[in-house]
Amino acid sequence: METRRIEITSRKYDAIKIGIIPGHFATNHSHVNYYVDMNSLKKRYKMSKEAAKAFAADYVNTPVDTIICLEGTQVIGAFLAEQLSESRRSVNDGNDISVLTPELNSNKQMLFRDDTQNMIWNKKVLLLISSASTGRTIESCIECLTYYSGELVGVASLFSAIESMNDMPIKAIFHNDDLPDYETYSPAECTMCKVGKKVDAIINDHGYSKI
C-alpha cells in the first residue's frame with residue numbers, strides 16, 4: 001500500500017508536506033478514500049516548528065491561555081505556545097501558555113484531572129488537532145470545555161475537510177481541495193462499501209493497521 005503514497009506540499013508553506021495514500025479506509029466514525037499521513041508533520045522537529053509558525057500567524061491577535069492538543073499534536077502545540085508567547089507581534093507576548101492533552105474515558109469522553117483543571121477553568125482555549133473530517137472530535141471538545149467552563153477561541157487543524165464548526169472557523173494548513181477527489185462517508189452511506197470494495201486499513205491518529 002505504501003507504494004501508492006503521494007507527497008503533497010502546502011500551497012502556502014513550501015517546507016510543510018504530508019503524504020496521502022488512496023484506498024478504502026475506516027475511522028471510528030467514517031469511511032474515507034484517502035489515508036492522510038501526517039507523521040512527519042507531527043513528529044519531526046523542523047516540520048513541526050514550521051506548522052507552529054503557520055498557525056501562530058493565524059492567531060497572533062487572539063488571546064490564548066491554553067492549547068489543547070489532540071491526535072498526537074503535542075510537539076506542534078509546544079512550538080505554537082512558544083511562537084505565541086515570545087513574539088512582540090502577538091497579543092500573548094510574555095504570557096505563560098499551558099499545553100494540555102485530555103484523557104479519554106471508556107466512552108471516548110474527554111476529561112481533565114483535578115490538578116490541571118485550573119488551566120481550563122475560565123481560560124481562553126485554542127484547540128489543535130490533526131484532522132477534521134466530520135467535526136465530531138471538535139464537538140466533543142466543545143462539550144468538554146463547556147463542562148470545565150473553558151472558552152474555545154480557535155480551532156487549528158493540520159488537515160480539514162470542513163471550513164467551520166458551530167460557527168467557529170477552522171484554520172488548516174491542508175484543505176479538502178488539496179487532496180484530489182477526497183471523500184468522506186458515514187459507514188452506512190459509503191459508496192465503496194456499496195460496490196463491494198474491501199476496507200484496506202483501519203486508521204486513527206496513530207497511523208493505520210492493514211486488514
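Donor-acceptor pairing under 3.5 Å is lacking for the side chains of Ser30 and Tyr185. No hydrogens or angles considered: nothing links the side chains of Glu71 and Ser131 as a donor-acceptor pair under 3.5 Å. Donor-acceptor pairing under 3.5 Å is lacking for the side chains of Thr73 and Lys42.
By the 4.5 Å heavy-atom criterion applied to side chains, Met38 and Val36 are counted as neighbours. Counting only heavy atoms from C-beta outward, the side chains of Leu70 and Thr137 approach each other to under 4.5 Å. Contact annotation: the side chain of Leu80 approaches that of Ile67 to within less than 4.5 Å [non-hydrogen atoms, C-beta and beyond]. The side-chain heavy atoms of Ser10 and Asp14, taken from C-beta on, include no pair separated by under 4.5 Å. In this structure, Phe25 and Val199 have side chains that are not in contact, with every pair of non-hydrogen atoms separated by 4.5 Å or more. For the pair Leu84/Arg89, no side-chain contact is recorded, criterion being any heavy-atom separation below 4.5 Å from C-beta on. Contact check for Ile211 versus Asp200: no side-chain heavy atoms found under the 4.5 Å cut-off. Using a 4.5 Å heavy-atom threshold, the side chains of Val91 and Val60 count as separate.
Other residues, nucleotides and ligands place no more than 12 heavy atoms under 6.0 Å from the CG atom of Asp181. Residue Asp96 places its CG atom among 12 or fewer non-hydrogen atoms of other residues, nucleotides or ligands, all under 6.0 Å distant. Shown here is Lys171, whose NZ atom has no more than 12 heavy atoms of other residues, nucleotides or ligands within 6.0 Å.
Here the shortest heavy-atom pairing between Tyr35 and Gly207 reads OH-CA, 3.5 Å. The nearest pair of heavy atoms linking Ile203 to Tyr208 is CG2-CB, 3.4 Å. Scanning all heavy atoms of the two residues, the minimum distance from Ser87 to Asp93 falls at O-CB, 3.1 Å. Annotation for Ala15 and Met47: closest pair O-CG, 3.6 Å, computed over non-hydrogen atoms. When every heavy atom of Ser48 is checked against every heavy atom of Lys43, the shortest pair comes out as OG-N, 3.8 Å. The shortest non-hydrogen separation linking Pro169 to Ser164 is CA-CB, 4.0 Å.
Between Arg136 and Glu139, none of the side-chain N atoms (NZ, or NE/NH1/NH2) sits under 4.0 Å from a carboxylate O, so this pair counts as no salt bridge. A salt bridge does not link Lys123 with Glu151: every distance from a Lys NZ or Arg NE/NH1/NH2 to an Asp or Glu carboxylate oxygen is 4.0 Å or more.
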Phe112 vs Tyr148, test: ring pair (Phe, Tyr, Trp, His ring centres under 6.0 Å). Steps then yes/no. CA-CA 9 Å; Phe112 292 94; Tyr148 291 108; 5.6 Å; yes
Assess the residue pair Gln74 and Thr101 against the criterion (side-chain hydrogen bond (donor to acceptor under 3.5 Å, both in side chains)); give the C-alpha distance rounded to whole Å, side-chain angles, the decisive distance to 0.1 Å, and a yes or no. CA-CA 8 Å; Gln74 290 88 341; Thr101 297; 3.1 Å; yes
Go through the steps to decide whether Ile142 and Thr146 satisfy the test side-chain contact (heavy atoms from CB on, under 4.5 Å), and finish with yes or no. CA-CA 6 Å; Ile142 292 173; Thr146 300; 4.3 Å; yes
Stepwise side-chain contact (heavy atoms from CB on, under 4.5 Å) check, His24 with Asn33: CA-CA 5 Å; His24 184 187; Asn33 63 339; over 6 Å; no
Decide yes or no on side-chain contact (heavy atoms from CB on, under 4.5 Å) for Ile138 and Leu127, but give the supporting numbers first. CA-CA 8 Å; Ile138 300 171; Leu127 173 62; 4.2 Å; yes
Just do the side-chain contact (heavy atoms from CB on, under 4.5 Å) check on Val155 and Met165 with the steps written out, would you? CA-CA 9 Å; Val155 178; Met165 190 69 197; over 6 Å; no
Please lay out, stage by stage, how Thr9 and Lys17 fare under the test side-chain hydrogen bond (donor to acceptor under 3.5 Å, both in side chains). CA-CA 4 Å; Thr9 301; Lys17 308 175 189 295; 3.2 Å; yes
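By the rule that hydrophobic residues join a cluster once side-chain heavy atoms approach within less than 4.5 Å of another member, Tyr13 and Leu158 end up as members of one cluster. Hydrophobic clustering (side-chain heavy atoms under 4.5 Å, transitive across Ile, Leu, Val, Met, Phe, Trp, Tyr) groups Ile170 together with Met168. With hydrophobic clusters built from ILVMFWY side chains whose heavy atoms lie under 4.5 angstrom apart, Leu104 shares a cluster with Val125. In the hydrophobic cluster analysis, where Ile, Leu, Val, Met, Phe, Trp and Tyr join through side-chain heavy atoms closer than 4.5 angstrom, Leu100 is grouped together with Leu111. Follow the hydrophobic side-chain contacts under 4.5 Å out from Val64 and you never reach Val75; the two are in separate clusters.
Between the side chain of Asp37 and the backbone N or O of Asn39, at least one donor-acceptor pair lies under 3.5 Å. Looking at Arg4, its side chain never comes within 3.5 Å of a backbone N or O of Ile21 through a donor-acceptor pair. Looking only at distances, no side-chain donor or acceptor of Asn92 sits under 3.5 Å from a matching main-chain atom of Ser85. Not a single donor-acceptor pair under 3.5 Å links the side chain of Asn95 to the backbone N or O of Ile97.
Distance check, rounded to the nearest 0.5 Å: CD1 of Ile8 to CD1 of Ile173 gives 14.5 Å. Atom CG of Leu152 and atom CG of Asn166 lie 9.5 Å apart (nearest 0.5 Å). To the nearest 0.5 Å, atoms CG (Leu179) and CZ (Phe174) are separated by 9.0 Å. Note that the CE atom of Met110 and the CD1 atom of Ile68 stand 7.5 Å from one another [nearest 0.5 Å]. For the atom pair NE2 of His29 and OG1 of Thr184, the computed distance is 8.5 Å after rounding to the nearest 0.5 Å. Atom CD1 in Ile6 sits 11.0 Å away from atom CD1 in Ile18 (nearest 0.5 Å).
Between Tyr34 and Phe159, the ring centre distance reaches or exceeds 6.0 Å.
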